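Not measured: the values here are computed from a predicted model.
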Amino acid sequence: MFTGIITDIGHIKDIEHRGDLRVKISCSYVMDQIPLGASICCSGACLTVVSKAKNWFCVDISKATLDATVLGEWEKGASINLEQSLKIGEELGGHLVTGHVDGVAELVAINKVGDSRKLQFKVPASLEKFIAEKGSVTLNGVSLTINEVNNNIFAINIIPHTWDFTTFKNLVVGSKVNVEVDIIARYVARLIQTKR
């Protein structure tokens, strides 16, 4: 479980095509304190540490994850948002994030609003019912509040701190991001569906 508060920016050091995709990620985490098998949220996807050294770790990415996310578009040198798993007793600064990506959204507009930036994303029709004004959404691992909704297009506001300390500053119109809908919205939709 995660909070959607990014704690490091990782960089793709190597990508190895095997039965699954093995990705080596450099980071500033103290890897001695992160055991093999630990979960790290990598741009919104919960991935397992399968090997590690002082300033890097490796993850294996299955075909199912590649099909559901933008991880297959990662290239050597790319920057990604990182968050270690939540420990009991730590502050829940964002919202509950599972790292289970629901789909991919496309950035359709970026506009400067004061010191912040308004970003508009288009989600697949299948996710539209989970997107609500003032609700939560996770984009590339970042916990965000939805400010506006128009069918399957929604807007979020990125303050300067979030812009500077995440990979949002690397996005351009047409960029694709991992989307995880709010876990509460997911269960409410399921309850409504089963009552019909």
_Atom CG of Asp115 with >12 non-hydrogen neighbours under 6.0 angstrom_ = no
Across all chains, not counting sequence neighbours, the ring pair (Phe, Tyr, Trp, His ring centres under 6.0 Å) partners of His161 are Phe165
So side chain to side chain donor-acceptor pair (under 3.5 Å) across residues 46-57, not counting sequence neighbours, yields none
side-chain contact (heavy atoms from CB on, under 4.5 Å) test vs Val177 passes for just one of Leu139, Thr167, Val104, namely Leu139
Checking side-chain polar atoms at under 3.5 Å, does Thr98 have a donor or acceptor matched by the opposite partner on Glu180? yes
inquiry  = Run the side chain to side chain donor-acceptor pair (under 3.5 Å) test on Asp20 and Ser62 for me, step by step, so that the C-alpha distance in whole Å, both residues' side-chain angles and the decisive distance to 0.1 Å come before the verdict.
reply    = CA-CA 5 Å; Asp20 288 327; Ser62 70; 5.4 Å; no
Counting neighbours of NZ on Lys13 that are heavy atoms of other residues, nucleotides or ligands and sit closer than 6.0 Å, is the number greater than 12?
yes
Side-chain heavy atoms of Asp182 within contact of Val137, under 4.5 Å = no
Please determine whether the number of non-hydrogen atoms from other residues, nucleotides or ligands lying under 6.0 Å from atom CD1 of Ile184 exceeds 12. no
When you compare the side chains of Thr166 and Asn81, does any donor N or O come within less than 3.5 Å of an acceptor on the partner? no
**Prompt:** Between Asn178 and Leu71, is any pair of side-chain heavy atoms under 4.5 Å apart?
**Reply:** yes
Open item on the list: More than 12 heavy atoms of other residues, nucleotides or ligands under 6.0 Å from NZ of Lys169: yes or no?
Closed with: yes
Residues passing the ring pair (Phe, Tyr, Trp, His ring centres under 6.0 Å) test with Phe2, sequence neighbours excluded, are none
Residues passing the side-chain contact (heavy atoms from CB on, under 4.5 Å) test with Ala109, sequence neighbours excluded, are Asn111, Gln120
For Asp60, the salt bridge (charged side-chain N to carboxylate O under 4.0 Å, His left out) test, sequence neighbours excluded, returns Arg22
Glu148 meets the salt bridge (charged side-chain N to carboxylate O under 4.0 Å, His left out) criterion, sequence neighbours left out, with Lys118
- Do His95 and Ser143 have side-chain N/O donor and acceptor atoms under 3.5 Å apart? yes
Check: Considering only heavy atoms from C-beta outward, does the side chain of Ile146 approach that of Ile131 to under 4.5 Å?
Finding: yes
- Message: Less than 3.5 Å apart, any donor N or O on the side chain of Glu83 or Thr3 sitting next to an acceptor on the other?
- Response: yes
Check whether Thr65 reaches the backbone of Ile61 with its side chain - one donor and one acceptor, N or O, closer than 3.5 Å. no
